[in-house]
Amino acid sequence: QVQVVESGGGLVQPGGSLRLSCAASGSIFSVYAMGWYRQAPGKQRELVARITSGGNTNYADSVKDRFTISSDNAKNTVYLQMNSLKPEDTAVYYCNADIRRTIHSALETYWGQGNQVTVSS
């Protein structure tokens, strides 16, 4: 079994910062990539940022220059540093991980439970 657990959400004022963490654990042979997605009420889930085990990153245009994704491959952990937060960043943030459980397994995607981030004065 694989578990993906997020932490670090909460309430912050506009212009503030938050840091999200996400750790994958369990029966893991290798992690290809981990990422953050978000879903606001009434909207579809969207990619926020993603990082591969080789360090390649990509970001949604709406968060470039404000959010930074990083990882600790040894711990199968990914972080999302969010600065200059805006009310439109309010959403449930989900972590996912593309994992190979054994050397012979196909890549599978696992999701965390989601963490609420609310940006409001």
Give, for atom [atom1] of [X] and atom [atom2] of [Y], the distance between the pair rounded to the nearest 0.5 Å.
X	Y	atom1	atom2	result
Met34	Ser53	CE	OG	11.5 Å
Asp89	Ser62	CG	OG	7.0 Å
Arg38	Asn115	CZ	CG	14.5 Å
Arg66	Lys86	CZ	NZ	4.5 Å

Please examine the side chains of [Y] and [X], heavy atoms only from C-beta on, and report whether any two atoms are closer than 4.5 Å.
X	Y	result
Gln1	Ser27	no
Ile51	Val78	yes
Arg45	Val92	no
Val2	Ile28	yes
Tyr79	Ser71	no
Pro87	Pro14	yes
Ile69	Tyr59	yes

Compare every heavy atom of [Y] with every heavy atom of [X], then report the nearest pair and how far apart it is.
X	Y	value
Leu47	Ala60	O-CB, 3.3 Å
Arg50	Ala33	NH2-CB, 3.4 Å
Tyr32	Leu107	CB-CD2, 3.8 Å
Ala24	Ile99	CB-CD1, 4.1 Å
Met82	Leu20	CE-CG, 3.7 Å
Ser105	Arg100	O-NH1, 2.7 Å

Are [X] and [Y] close enough that a side-chain donor and a side-chain acceptor fall under 3.5 Å?
X	Y	answer
Glu88	Thr90	no
Thr77	Asp72	no
Tyr37	Gln39	no

> Any side-chain hydrogen bond (donor to acceptor under 3.5 Å, both in side chains) pairs touching residues 9-21, not counting sequence neighbours?
Replying inline: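 For residues 9-21: Ser17-Asn83.
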
> Run the side-chain contact (heavy atoms from CB on, under 4.5 Å) check on Tyr110 and Arg101 step by step: do they pass?
Replying inline: CA-CA 11 Å; Tyr110 294 85; Arg101 295 181 63 184; 3.1 Å; yes

> Who pairs with Phe67 by ring-ring contact (aromatic ring centres under 6.0 Å, His included), at least two apart in sequence or on another chain?
Replying inline: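 Listed in chain order: nothing, the list is empty.
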
> What do the steps show when you test Trp36 against Glu6 for side-chain contact (heavy atoms from CB on, under 4.5 Å), and what is the final call?
Replying inline: CA-CA 10 Å; Trp36 291 97; Glu6 306 120 333; 3.9 Å; yes

>> Using side-chain contact (heavy atoms from CB on, under 4.5 Å), reason through Leu18 and Leu85 one step at a time and then give a plain yes or no.
In response: CA-CA 8 Å; Leu18 276 178; Leu85 282 159; 4.1 Å; yes

>> Check Lys64 with Asp61, please: is the shortest side-chain N to carboxylate O separation under 4.0 Å?
In response: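 Salt bridge present between Asp61 and Lys64.
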
> Do Val48 and Tyr94 belong to the same hydrophobic cluster, where Ile, Leu, Val, Met, Phe, Trp and Tyr are linked whenever their side-chain heavy atoms lie under 4.5 Å apart, directly or via other members?
Replying inline: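 The answer is no; the residues belong to distinct hydrophobic clusters.
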
